Amino acid sequence: MAFRAFYALPVENFSTDTGQHTNAVYGFTSMLIKMIEQREPTHVAVAFDLDTPTFRTQEYAEYKGGRNKTPEEFHGQVDLIVKVMEAMQIPTVTLDGYEADDIIATLSSQAEDAGWEVMVVSGDRDAFQLITDKVTVLYPKKGISDIPPMDSAAVEAKYFVPPKRYSDLAALVGETADNLPGVPGVGPKTAAKWINLYGGVDGILENLDSIGGKVGESLRANVDSVKRNRRLNHLLRDLELPVELEHMVLQHPDRAAIEELFDALQFNTLRKRLFDLFGEEDAVRETEVNAPAHQVVSEAAALKEWLAESNQLNVALQLVAETAEGGDDAVGLALVAHARAAYVPLASLDAEAEQLLAHWLSDLDAPKIVHDFKYAYKVLSRRGFELLGVVDDTAISAYLIQPDRRSYELADLAQYHLKMSVAAPDAAASGQLELGLTEDDKAGPAVVQAFAALQLSEHFAGQLVERGANQLMGGLDLPLSLVLARMELAGIAMDAGALDRLVDDFTVTIDAASSAAFGIIGKEINLGSPKQLQAVLFDDLGLPKTKKIKTGYSTDADALNDLFAKTGNEFLVQLLTYRDATKLRQTVEGLRKTVADDGRIHTTYAQTVAATGRLSSINPNLQNIPVRSEEGRRIREAFVVGEGYETLLTADYSQIEMRIMAHLSGDEGLIEAFRSGEDLHRFVGAHIFGVAPEDVTSEMRAKVKAMSYGLVYGLSSFGLSKQLNISVDEARTLMKDYFSRFGAVRDYLRGVVDQARVDGFTSTIEGRRRYLPDLASDNRQLREMSERAALNAPIQGSAADIIKKAMLGVAQELESQGLKSRMLLQVHDELVLEVAPGEREQVEKLVRAQMGGAADLSVPLDVSVGVGANWQEAGH
DNA sequence: TCAAAGACGTA
DNA sequence: CGTACGTCTTTGAC
């Protein structure tokens with residue numbers, strides 16, 4: 001059926017961005033969903049052939065011989081189908097030495113014996129022999145959309161023999177697809193006539209001599225073929241299978257697994273169809289059954305008693321919050337410890353209970369488990385509570401175990417790891433109370449969520465140890481989330497007037513550039529529309545074609561610069577200016593919208609997004625504020641020191657990734673470069689080009705710099721040649737020279753990928769893993785992508801480890817030295833702090849010490865520091 | 001209203 | 001045919 005789907009659907013219409021073909025997977029899954037919908041089976045299983053020899057090939061080596069090679073595009077799709085079946089919780093069955101049809105025959109017989117009604121879906125006509133009054137075969141007539149049921153009557157109407165005689169007919173006629181030649185001159189009509197006359201092949205063989213004519217002779221000459229055909233096309237019904245019928249009960253799909261898989265396959269419509277089919281709204285809420293019943297605790301005495309009884313036990317805590325203007329507002333707390341649960345409504349607490357709660361929340365000796373601690377900390381802090389003593393954040397645990405998941409929502413994790421269905425905790429959006437939902441209505445789900453977090457925490461504990469992530473959790477990522485929470489709460493002050501001026505200035509540039517552009521082409525178009533631009537550039541102006549993309553030809557900055565170099569067309573200049581200025585204006589307008597009432601921007605750091613271990617910054621993203629262009633840097637001038645503070649201070653690592661490369665590879669040349677204190681790229685350039693460091697030209701230096709960084713990402717000679725605008729040969733020579741000077745770097749890079757292939761993951765210096773199963777993929781594009789990720793992950797991830805450790809050190813030192821200064825931002829290799837009056841020197845000293853000492857590498861960790869009234873000035 | 005595609009900002 | 005991100009706009013399908 002997978003093969004049928006493959007040929008029925010045009011392969012070019014079904015592939016993912018990464019180049020994996022999916023037409024067979026799509027067709028198979030789509031057909032299966034439709035089958036389930038229409039036929040409403042109670043039990044389902046899918047059988048597969050294996051690549052290994054079967055009893056048929058052993059008896060007859062030419063069996064199924066002469067077939068064309070499986071098309072390249074089909075490769076890997078069967079494995080994907082198996083994965084889809086796993087996610088749908090449908091058992092897949094294979095058996096060494098046998099074909100899928102034998103498995104089907106066996107299951108079919110078993111089910112029939114049990115008195116069940118059976119439907120066999122197969123593209124192999126041999127399945128017709130299974131048809132009885134209980135067994136129907138669905139056989140595809142054309143493609144995969146027309147799969148009519150074949151019962152006895154249908155088979156007889158088509159082949160003139162009853163189903164149980166179909167194999168006899170096939171033995172006589174032969175089967176080209178299986179490379180089984182029949183009796184020459186005997187077609188279906190003759191075969192059917194004989195079968196009906198003598199009752200089947202056995203009867204025919206007994207009466208060989210009474211069959212006259214040419215065909216009779218032909219039959220007598222090919223008796224052995226007929227006997228062999230009959231043996232081979234007979235399906236076995238008594239195999240020992242690894243599944244029982246009761247394992248085939250149709251279940252709800254594994255929601256999390258489906259989401260992950262269909263996401264990767266880009267099956268959006270199918271996912272919807274599948275979930276609709278199973279009425280996912282009605283998913284069984286197992287945890288609600290298992291979660292302990294809760295009591296509402298709002299009085300001091302009851303709270304005191306509840307907390308005392310859970311003394312020393314891990315208490316899972318789940319917030320009930322409502323969305324509000326300046327951030328979500330806490331409404332209540334669900335608490336679960338062991339088999340006990342409580343709900344604490346914040347609004348109805350008396351003063352004594354509130355104090356009791358505040359004390360417990362901030363008690364370092366009262367161990368708590370939270371899903372998304374940073375969020376809870378921030379929300380509670382707005383109510384004047386401080387949440388401390390958290391020993392596990394299940395979102396972070398899940399991330400460390402599986403750093404490339406798409407979602408770490410509690411509901412998804414519970415489904416995936418525990419097979420529990422839990423309502424998503426964000427159900428408490430504002431307005432729900434007004435819609436008649438009482439607080440009581442939310443207490444229940446929150447208790448279930450807390451219960452799920454508790455279960456997850458226990459589930460993860462062993463896995464963290466297994467994956468060597470325990471130290472990373474307790475010593476790095478979990479404590480860091482508290483540091484991040486405080487940074488987010490602090491935010492960074494903005495100069496509103498400066499933002500307004502920037503918008504005005506950029507608007508002037510935009511207007512000038514667009515009218516100039518329109519003047520040149522003689523009409524007004526939307527310069528922001530790549531589609532309209534393509535029409536102007538390649539049709540109206542007739543410029544040479546650029547890089548091909550899905551929708552035509554590229555109009556990106558690279559392509560436009562190329563075009564300008566070739567044609568000198570002034571329109572391109574105006575367009576690039578327009579693009580630059582709109583991007584900048586858009587950045588500024590975005591920032592302006594996110595300034596809070598306190599005049600500061602509070603970004604949110606996502607701690608479980610980047611698969612390498614980096615942080616990311618959202619709402620807004622403060623990790624991509626322009627810095628490279630003059631105009632862009634002006635935006636940084638709007639990030640200013642806040643009232644009551646003396647200055648901003650930035651501290652960043654110089655060339656941290658190359659230093660990590662030097663350390664991990666142990667390359668003496670590279671280590672020497674860093675120890676010498678000489679400019680890295682100059683030093684490396686001197687070695688590669690065989691000149692003195694002072695004779696390295698800026699052009700040479702630029703080449704070396706591009707290559708050094710490219711190496712960290714798995715850059716190819718093709719990529720390097722494009723980037724440096726040189727020939728591929730020249731790029732190849734450059735790389736060869738590089739590696740001959742820094743041989744240990746090459747050996748290291750090669751070793752990383754080899755090791756990752758063996759282990760299935762890469763590791764950073766702190767032991768943070770990234771799992772790369774696609775290193776074994778037979779899809780080249782996927783495999784090579786993973787190889788590049790394997791090169792990069794240990795380097796980028798180690799840099800992330802180091803700055804995270806530094807942040808913990810800085811936070812710790814600021815506190816223990818009793819300083820008022822605070823960290824505000826992290827930009828991967830840079831920290832931005834707000835320095836309180838009189839603390840500048842002390843802060844600089846401790847920041848240098850903590851950042852410089854965050855890792856013990858074989859090369860020094862260089863830190864440069866700058867101060868100023870705004871981010872631009874403080875940069876260096 | 002939503003998702004995809006294209007473009008582009010950072011390290 | 002260089003990794004890791006987030007955000008904006010246009011476009012077209014529903």
Side-chain angles (χ1 to χ4, degrees), chain A residues 17 19 263 266 268-269 272 403-404 525-534 547 549-560 575-576 578-591 593-594 603-606 608-629 631-633 635-636 652-658 706-724 728 731 735 749 762 770 772 780-781 784-797 799-800 803 825-830 875:
Chain A
D17 292 340
D263 217 42
Q266 299 169 354
N268 294 310
T269 326
K272 208 170 280 170
D404 54 0
I525 61 162
N526 185 343
L527 294 174
S529 161
K531 198 183 167 208
Q532 294 178 34
L533 279 175
Q534 283 178 25
K547 191 176 67 176
I549 54 173
K550 279 188 189 170
T551 56
Y553 299 95
S554 174
T555 68
D556 69 15
D558 264 354
L560 295 181
L575 175 57
L576 283 163
Y578 171 88
R579 280 254 179 91
D580 264 2
T582 42
K583 177 77 180 175
L584 292 171
R585 181 174 68 180
Q586 171 186 305
T587 301
V588 177
E589 282 181 329
L591 289 174
K593 267 183 253 167
T594 59
T603 185
T604 300
Y605 289 102
T608 59
V609 165
T612 53
R614 273 192 177 179
L615 302 176
S616 76
S617 160
I618 51 172
N619 301 321
N621 181 356
L622 293 187
Q623 290 178 322
N624 70 342
I625 302 304
V627 72
R628 290 174 190 174
S629 73
E631 288 294 283
R633 279 194 291 275
I635 298 176
R636 294 196 169 213
D652 63 55
Y653 286 115
S654 56
Q655 294 141 355
I656 187 167
E657 295 197 344
M658 283 310 290
M707 185 158 48
S708 288
Y709 278 99
L711 287 178
V712 185
Y713 309 136
L715 184 64
S716 65
S717 48
F718 175 87
L720 186 65
S721 74
K722 260 201 106 179
Q723 193 173 104
L724 295 177
V728 177
M735 289 179 78
L749 292 173
T762 60
R770 175 164 185 190
L772 295 163
R780 193 176 114 189
Q781 198 179 347
E784 290 182 345
M785 209 184 278
S786 291
E787 286 169 359
R788 291 192 295 269
L791 292 177
N792 180 252
I795 311 252
Q796 187 181 114
I803 197 164
L825 305 178
Q826 188 252 46
V827 191
H828 307 306
D829 66 356
E830 172 187 10

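Each chain gets a letter, A, B and so on, in the order its sequence line appears, and its residues count up from 1. Remember, it's a predicted structure, so these values are computed and weren't measured experimentally.
- A:Gln723 comes within 4.0 angstrom of a base, heavy atoms only.
- Comparing C:dT7, B:dA11, C:dT11 by their nearest atom to the side chain of A:Ser529 picks out C:dT11.
- Counting non-hydrogen atoms under 4.0 angstrom, A:Ala557 reaches the backbone sugars and phosphates but no base.
- Comparing B:dA7, B:dT10, C:dT3 by their closest approach to the side chain of A:Pro530 singles out B:dA7.
- Rounded to an integer number of Å, the gap from OH of A:Tyr605 to P of B:dA11 is 13 Å.
- Note: CD (A:Glu589) to C1' (C:dT9) measures 13 Å, nearest angstrom.
- Residue contacts shown for A:Leu791 are absent, as no nucleic acid heavy atom lies under 4.0 Å away.
- When heavy atoms are screened at a 4.0 angstrom cut-off, A:Ala800 is found touching no nucleic acid atom at all.
- Taking 4.0 angstrom as the limit, A:Thr582 places none of its side-chain polar atoms (N or O) nearer than this to OP1 or OP2 of C:dT9.
- With A:Ser617 contributing its side chain and A:Pro620 its backbone, the two residues share a donor-acceptor pair below 3.5 Å.
- As a whole-Å value, the separation of A:Lys547 NZ from C:dC1 P is 8 Å.
- A distance of 5.0 Å separates CG of A:Leu527 from CD1 of A:Ile525, quoted to the nearest 0.5 Å.
- The side chain of A:Gln532 places an N or O atom within less than 4.0 Å of a non-bridging phosphate oxygen (OP1 or OP2) of C:dT11.
- Atom-to-atom, CD1 of A:Ile525 to C1' of C:dT10 comes out at 13 Å; the value is rounded to the nearest Å.
- Taking atom CD of residue A:Gln781 and atom P of nucleotide C:dC1, one finds them 6 Å apart after rounding to whole Å.
- Of the listed nucleotides (B:dG9, B:dC8, C:dG2), B:dG9 has the atom at the smallest distance from the side chain of A:Asn621.
- The distance between atom CG of A:Asp558 and atom C1' of C:dG2, rounded to the nearest whole Å, is 13 Å.
- Note on A:Thr551: only backbone sugar-phosphate atoms sit closer than 4.0 angstrom, heavy atoms only; bases stay farther off.
- Separating the CG atom in A:Leu615 from the OG1 atom in A:Thr603 is a distance of 10.5 Å, to the nearest 0.5 Å.
- In this structure, the nucleotide among C:dT3, C:dG6, C:dA4 sitting nearest to the side chain of A:Lys583 is C:dG6.
- Residue A:Ser617 is classed as a sugar-phosphate contact, given heavy-atom separations below 4.0 Å to backbone atoms only.
- Contact annotation: A:Lys531 reaches the phosphate of C:dG12 (side-chain N/O to OP1 or OP2, under 4.0 Å).
- Considering NE2 of A:His828 and CG of A:Asn624, their distance stands at 8.5 Å, rounded to 0.5 Å.
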(request) List the steps and the verdict of side-chain contact (heavy atoms from CB on, under 4.5 Å) for A:Tyr605 and A:Leu825. (result) CA-CA 9 Å; A:Tyr605 289 102; A:Leu825 305 178; 3.6 Å; yes

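- The side chain of A:Asn526 places an N or O atom within less than 4.0 Å of a non-bridging phosphate oxygen (OP1 or OP2) of C:dT10.
- No hydrogens or angles were tested; on distance alone, nothing pairs the side chain of A:Arg579 with the base of B:dA7 as donor and acceptor under 3.5 Å.
- Considering only side-chain N and O atoms, A:Asn619 lies under 4.0 angstrom from the phosphate OP1 or OP2 of C:dT7.
- In this entry the distance linking CZ of A:Arg636 with C1' of B:dA11 reads 10 Å, nearest Å.
- As rounded to the nearest Å, C:dC1 and B:dA5 have P atoms that lie 16 Å from one another.
- Closest contact between the side chain of A:Leu715 and the listed nucleotides C:dG2, B:dT10, C:dC5 involves C:dG2.
- Between the base of B:dG9 and the side chain of A:Asn624 there is a donor-acceptor pair shorter than 3.5 Å.
- For A:Asn792, the listed nucleotide lying nearest its side chain is C:dA4; candidates were B:dA7, C:dC1, C:dA4.
- Under 4.0 angstrom from either OP1 or OP2 of B:dA11 there lies at least one side-chain N or O belonging to A:Arg628.
- Using a 4.5 Å cut-off on side-chain heavy atoms (C-beta onward), A:Arg636 and A:Ile625 make contact.
- Nucleotides of DNA chain C nearest to A:Phe718 and A:His828 differ in position, and the one nearer the 5' end is that of A:Phe718.
- Separating the OG1 atom in A:Thr762 from the CG atom in A:Leu791 is a distance of 10.0 Å, to the nearest 0.5 Å.
- Residue A:Ser554 is in sugar-phosphate contact alone, with no base atom involved, counting any heavy-atom pair closer than 4.0 Å across all strands shown.
- Remark: A:Thr587 is not in phosphate contact with B:dG9, judged by side-chain N or O atoms under 4.0 Å from OP1 or OP2.
- Within 4.0 Å of A:Val609, counting heavy atoms only, lie sugar-phosphate atoms of the nucleic acid but no base atom.
- The residue A:Gln586 sits close only to the backbone: its heavy atoms come under 4.0 Å of sugar-phosphate atoms, none of a base.
- Taken to the nearest 0.5 Å, the CD atom of A:Gln532 stands 11.5 Å off from the OG1 atom of A:Thr555.
- Considering only the side chain of A:Ser716, C:dG2 comes nearest among B:dG9, C:dG2, B:dA7.
- No engagement by A:Arg780 is indicated, since no non-hydrogen atom pair under 4.0 Å with the nucleic acid exists.
- With C:dT10, C:dA4, C:dG2 as the choices, the nucleotide that has an atom nearest any side-chain atom of A:Arg788 turns out to be C:dG2.
- Between A:Leu576 atom CG and B:dC8 atom C1' there is a gap of 12 Å when expressed in whole angstrom units.
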